[in-house]
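Notes follow the structure.
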Amino acid sequence: MPPSLLHKTLLYSPLTLSTSRSSTTLMKMMTMASVSPTHFTPHTLTQPHSLENPQLSLFDNCKSMDYLKQLHSQTIKTGMTSNPVVQNRIVAFCCKHESGDMNYARHVFDTIPEPSMFVWNTMIKGYSRIKVPENGVSMYLEMLRRNVEPDHYTFPFLLKGFTRDIALECGRELHGHVVKCGFHSNVFVQNSLVNMYSLCGLIDMARCVFDTSQTRDVVTWNAMISGYNRIKQFDESMKLFDEMEKNGVLRTSVTLVLVLSACSKLKDLNMGKRVHEYVKECKVEDDLRLENALIDMYAACGRMDLALGIFQNMKTRDVISWTAIVAGFANAGEVDLARKYFDQMPERDYVSWTAMIDGYVRVNRFKEALALFRKMQTSNIRPDEFTMVSILTACAHLGALELGEWIKTYIDKNKIKNDVYVGNALIDMYSKCGNVEKAQRIFKKMPRIDKFTWTAMIVGLGINGHGEEALDMFTEMLKASIAPDEITYIGVLCACTHTGMVDVGRKLFASMTTQHGIEPNVAHYGCMVDLLGRAGHLKEAHEVIKNMPMKPNSTVWGALLGACRVHKDAEMAEMAAKQILELEPENGAVYVLLCNMYAACDRWENLREVRQMMIDRGIKKTPGCSLIEMNGIVHEFVAGDPSHPKSEEIYSKLDEMKTDLKFAGYSPDTSEVSLDVGEEEKESALYRHSEKLAIAFGLISSGPGVTIRVVKNLRMCVDCHHMAKLVSKMYNREIVVRDKTRFHHFRHGSCSCKDFW
DNA sequence: ATAGGGTTAG
C-alpha cells in the first residue's frame, strides 16, 4: 500500500488518534513489513453452512500442517471452505499450533471477504507466536484501514510478540490507540503495556501505566518487578515485593521466582531465605520453576549445601535444575564437582554445556574448556553467543589464533548473535593472540560498543606495543563521554609502561583522581612502580611504594624486583625479594629472579645460598612453558622436553638454526643463566628453552611466510629474545611471542618492544 | 472458540 493511502486511512478512520508526526512510524512499519496487501476475493456463498458438520470434528485431531492441508482440500471439495467456522479452524490451527505455518494462514485469511474479530486477533496472535511483530503491526494497520475496530484481545496479542526494537519504534503510539479505544482500564491490556515498556527499557513509561492503573492485579505487579529485574534495578524489585504485602496483594509463585532472581543477582542471602520461608509456609504452591529459582539463589550466594538440599528433595528435576547446580559449582571454582554433576545429567542443552565450559575457563583450565567444546560439537548441540564468548576467552588465554579465527567464521556462517559481548571477546582474542590489526577491524565494525569495548582495545594496543595509539583511543573514549573505570586505567598505564612514556604515565595517574574520581588501587600503584622501574627510576619507584596509602602486595614488590633485575641493582632487589617472601614464602618466581640477577652480577656465592634456600624450603621453580598452535591443536613445550613426537626433528632444526645464526653473528647471551657452570653448559641450557623449541617446531611445521605465534608463561629470556630477532631476519618469518605481560612482534630482525620489557 | 507475569550461561 502506498504510504499516502495509509496516511489517509489513519487520518480519517475513527481510530486515528495519532498526530501525523507519530503515525509516520507506523507507516514506515507498514512499508517494511513483508506481508502482502490483502486481496479481496469476490466470494459467493454457494453452500449453506452447517455448523454440525462432522467434517469439523476432524479438526480437533489435527496435529500437523500436512494433515491440516488434507482437511483443507476436503473442505474445498465439499464446498465448505466458505464456511466461516471452517475458515476459523484452519486459520487458528496455523496461528496457534507449534508447527503452524503463518504463510498458509495468511493465504487462507486473504480469501475471507470479511474476517471476524476473532480471525483478525488470531492472525495477530500468530505473528506474535512466531516473533514477526512487523507482520502483526501490519495486520493491525490493515484492520484500521478497513474500519475494523480492535477489541480488548487485540492489544495483548499484538504486544506479546514485540521485540525491543519494534517496541521502541511504535510502542508509545499504540499506547495512544489503547487510550483512545478506551481499553486503558482493561487489566490485560495494561499488563501487556507494562511488559512492552519494560521490554524496551522504557521503565518510567511502564511505571506510569502501573501507577495510574485502577485495576492492577498481581500480574501487573509481577510484570513491573520483571521490568526492574530486566534493567538490573533489583532494589526496586525488592521494594515492590514489600509493597505488595502492604497493599494486600497475594503473591504468586511467579512473584517469588522474580524476587529470588533479584536476590540471586544481588547475592542477598537474607532476603532469599525470607522468600524461602514464605514458600515453606505454603503461602504459594510449590512448582518446578520456583525450586529452580531457589537453587539458583542459594548457588549465587555461595551456599551450595542449601542448593543441593533443594535439588535432592525435588520430585522432578529438569535440565534447568541440573544446570543451576553445575553452574553453581562452576562459579564457586569447584569445577570438578561441577563436572561430576554435568556427567550425570540425563539431558544437557546448550546452556548446560556452556556453563560447564565456562567453569573451566574461570579456573584457567582452558584446554579442558576447548576439549569440552569439541565434545559439545560432536554431540550436535548448537552453541550460541554465550558459548562463543567462553571459547574466545579460552583462545585468548592460550593464544590460539587459528581456533579463534575459526570461531569468528563459525559465528558469521551460523548467524550466531553477534552482540557487544561477542565483539568484546573477539577484540580480546585477537589482541591477546597478537593480531591487533584484526582487533581494530572488529572494533570499527561493531554497531554498539561499551566501556568494555574501549578498555579491551586500549589494553590490546598497549600490550602489543602501540602505546601511543592506546592513548589516542583513551582520548577518543573520553570524547565519546564514556567514563573510564579502574580497568581502563590499568590498560592506559600499562600502555605507558610498554612504550616507556614515563611523564605521560605520571600525568595520567594523577588524572584518575582529579578527572574521574577513581581512587587508585594497589594494582595501579603496581603499574606506576613498573612504569618508573622499567625506565630505570628505581628510587622513585621505591618512593611510590613507601608512600602508597595501602599495604603493598607481592605484585607491587615484584614490579620493583623485576626492574632491579633489568637495571642490575642487587641491593634493592634483595630488599624487594625479602618483602615478597615475607608475604609469600612459597613464591618460586622470586627465588628464580634473585638467582637470575646474581648470575647477571656474577655473584655466584649469593646464588648458591638462594639455591640452597630453595632446596631447604622445598620451593620449586615454575617450569618455563611455551604453547604453539598448529592446525588447531595447541602444542605445549617445557624446557628440555623430549616428549614431543617430533622431538628429533625439532632438535636437529635447532642445531641447524644455531649454525645459521652463529654464521650471522649470533653469540649466546648466557648472562641470565643461573647455573654456575662452564660456558658450554650454560649454552646448552639456553638452547633447550621452551620458546626455542616452540619456534623450531613452528619453523618445521608451517610453510614459508606463515607467522609463528608462541605463548610463554614466564618472561621471555634475553637470549631467546635475541635469537628470535635473528630468526625473523634470516628465515624471513614473522614471530610473535606473548610472554607473561606483553607481546614481542619480531619482524626483519627487530622487536616491537624495542628491547624494552 | 481469543489474554497477561517466571528459572539456567558471558
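In what follows, chains carry the letters A, B, and so on, assigned in the order in which the sequence lines appear, proteins first and then strands, with residues in each chain numbered from 1.
Within 6.0 Å of the CD atom in A:E281, the count of heavy atoms belonging to other residues, nucleotides or ligands exceeds 12. More than 12 heavy atoms of other shown residues, nucleotides or ligands fall within 6.0 angstrom of atom CD1 in A:I231.
The backbone N or O of A:H184 sits less than 3.5 Å from a side-chain atom of A:Q190, completing a donor-acceptor pair.
Between A:K160 and B:dA3 there is no side-chain polar atom (N or O) within less than 4.0 angstrom of OP1 or OP2. At the phosphate of B:dG10, OP1 or OP2 sits under 4.0 Å from a side-chain N or O atom of A:R362. The side chain of A:K417 places no N or O atom within less than 4.0 Å of a non-bridging phosphate oxygen (OP1 or OP2) of B:dA9.
In the region residues 339-361 of chain A, proximity to DNA chain B at under 4.0 angstrom, judged on heavy atoms, holds for A:Y350, A:V351, A:T354, A:A355, A:D358. Against DNA chain B, the stretch residues 187-206 of chain A makes heavy-atom approaches under 4.0 Å through A:V187, A:F188, A:N191, A:N195. Near DNA chain B, defined here as any heavy-atom distance below 4.0 Å, there are no residues from residues 232-246 of chain A.
Of the charged side-chain nitrogens involved, none lies within less than 4.0 Å of a carboxylate oxygen, so that A:D318 and A:R289 do not count as a salt-bridged pair.
Geometrically, A:R382 does not engage A:Y350 in a cation-pi contact defined by less than 6.0 Å to the ring centre and at most 45° from the axis.
In this structure, CG of A:L290 is placed 10 Å from C1' of B:dG6, rounded to the nearest angstrom. In this structure, CE of A:M117 is placed 13 Å from C1' of B:dA3, rounded to the nearest angstrom. If you measure from atom CD1 of A:I416 to atom C1' of B:dG10, you get 14 Å, rounded to the nearest angstrom. The distance from atom CD1 of A:I124 to atom C1' of B:dA3 is 13 Å, rounded to the nearest whole Å. For the pair A:F59 CZ and B:dA1 C1', the computed distance is 14 Å after rounding to whole Å.
Across all strands shown, A:N424 has no heavy atoms under 4.0 Å from either base or sugar-phosphate atoms. If you check every strand for non-hydrogen atoms under 4.0 Å, A:D318 touches nothing. Counting non-hydrogen atoms under 4.0 angstrom, A:N186 reaches a base of the nucleic acid. Among the heavy atoms of the strands, none lies under 4.0 Å from A:S321.
Classified by interplanar angle (parallel below 30°, tilted 30° to 60°, perpendicular above 60°), the ring pair A:H177/A:Y140 is tilted. The aromatic rings of A:F311 and A:W322 sit perpendicular to each other, their planes meeting at more than 60°, with 30° as the lower class boundary.
If you check B:dG10, B:dG4, B:dT8 against the side chain of A:D296, the one that comes closest is B:dT8. Closest to the side chain of A:S226, out of B:dG6, B:dT8, B:dG10, is B:dG6. When each of B:dG10, B:dA9, B:dG6 is scored by its nearest atom to the side-chain atoms of A:A327, the top-ranked nucleotide is B:dA9. Distance from the side chain of A:I320 is smallest to B:dT7 among B:dT7, B:dG4, B:dT2. The nucleotide whose nearest atom lies closest to any side-chain atom of A:Y421 is, among B:dA3, B:dT8, B:dG10, B:dG10.
The structure places CE of A:M271 at 5.0 Å from CG of A:D242, a figure rounded to the nearest 0.5 Å.
Ring to ring, A:W221 and A:F241 are not that close: their centroids are 6.0 angstrom or more apart. The aromatic ring centres of A:W353 and A:F342 sit less than 6.0 Å apart.
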